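Worksheet: the structure to be examined is printed underneath.
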Amino acid sequence: MDYTKSFEDHVAAIKSEGRYRVFTDIRRQRGQYPTADHVRGTSIQAITVWCSNDYLGQSQNPFVLDAMHTAIDAVGAGSGGTRNISGTTHYHVELEHELADLHHKDAALLFTSAFVANDTTLATLQSILPGLVIFSDEKNHASMIAGIRHGGGSKQIWRHNDLADLERRLAATPKSTPKLIAFESVYSMDGAIAPIAQICDLAERFGAMTYIDEVHAVGLYGPRGGGIAERDGVMSRIDIINGTLAKGFGVMGGYIAASSAICDAIRSTAPGFIFTTSLAPAVAAGALASVRYLKVSQKERLMHQERVVAVKMKLTAAGLPVLANPGHIVPLIVGHPVHCKDVSDALLSRYSLYVQPINYPTVARGTERLRITPTPQHTDRDIDALVQSLSALWNECNVNQGIIRQAAE
Ligand SMILES: *Cc1c(COP(=O)(O)O)cnc(C)c1O
């Protein structure tokens, strides 16, 4: 068996589809977001980042940085253990209290990332509730899909944000069967927002639990940054809220917030919670400072929304194919993996603008896109430069006349 050839063939197939991933090597500059250095061997190119999930620039917030420096100076680098064996530091305890309070739940549990939180929680719920059927939105993130698969139980995939399809499937499942509806609030690649209240209505009618991934909403929406469920006044109707500390909050880590009964059961059972070293104390301290800060400060959220509207308006006015949505993500559909990467490469090399191409399997084939994420730190000049560069490239490639799409067919 030629193992090496198997790996090389695998990569060759990915390359032939035009979806081979090349990571852009950047070095961010403290306090200078969204500016960064693009490192190419020995040369350095100053670029503007337009595709970060650091939506509010919290990775640069001085309160967050101070908390992290202070924690390192106070207690050192790593936590030194799993949560059960010496790794529950006071920073972790405080952060869990803060997150429970953010979502008005009894308790919260920290994980290394929101991916791990989704994966291990959804798998574990299936072992705690035998016979559980999970009703999963078809556009759910890979981490939820992984958790649902790992649990090995039954699932029903309902059409994206389609309440009638969800209702039909719930109605067709026996009343006595335990049920869980799993969905996101803001879908990360389209910017679509779920009808949370109506999903909760269905959950109540059919006796289902609810599990929401608010990864792209915590910090960004709601009067205290509690997410779309907080904004819509429906947080108390959701059983389990999943969030990240890495995107809006700008640090790292993931969590769930839920009742004490649920958290106690997950804490006592989930392998992804038990058998791994807890977050570094400085990471927990930074996340804690970030959550506390965004609970009271509105200006980042207001400015973020204002910038999103400005980017969408200017791109649309320039005739560029913005996928309309009510959220803060600005997808520009290209529809072909090779062209998507070409446009992205040209943006970077010719205009010093960094927008990573998004290809399959992150999005469906034929819907390849540039996913633009405005932040409060992007200036009017940044926006104008982005729109002018994209317009020039689009005209050059005749993308707007559908030539790229035809090439794909
Ligand atoms: C990024 C993402 C996650 C994972 O969050 P991390 O904290 O980065 O692991 C989970 N769900 C969705 C929808 C995401 O986009």
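The first residue of the sequence shown is numbered 1, and numbering continues consecutively from there. Numbering of ligands and ligand atoms starts at 1, following listing order. Please read all numbers here as calculations on a predicted model, not as lab measurements.
Among protein residues, Ser113, Ala114, Phe115, Asn118, His141, Ser143, Glu184, Ser188, Asp213, Val215, His216, Thr244, Lys247, Gly253 come within 4.0 Å of ligand 1, judged on heavy atoms.
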Solution key, residues 218-227 side-chain donor-acceptor pairs under 3.5 Å, sequence neighbours excluded:
from: Tyr221; atom 1: OH; to: His328; atom 2: N; distance (Å): 3.3
from: Tyr221; atom 1: OH; to: His328; atom 2: ND1; distance (Å): 2.8
from: Arg224; atom 1: NH1; to: Asp101; atom 2: OD2; distance (Å): 3.1
from: Arg224; atom 1: NH2; to: Asp101; atom 2: O; distance (Å): 2.7
from: Arg224; atom 1: NH2; to: Leu102; atom 2: O; distance (Å): 3.3

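For Ala123, the side-chain contact (heavy atoms from CB on, under 4.5 Å) partners are His150, not counting sequence neighbours.
Taking the six-membered ring for Trp and thresholds of 30 and 60 degrees, Phe115 and His141 have ring planes more than 60 degrees apart, a perpendicular arrangement. The aromatic rings of Tyr255 and His103 lie tilted to each other, with the angle between the two planes from 30° to 60°.
For the residue pair Asn325/Lys312, the side-chain donor-acceptor check at 3.5 Å is satisfied.
Residue pairs that meet the ring pair (Phe, Tyr, Trp, His ring centres under 6.0 Å) test with at least one member in residues 340-386, sequence neighbours left out, are Trp50-His378.
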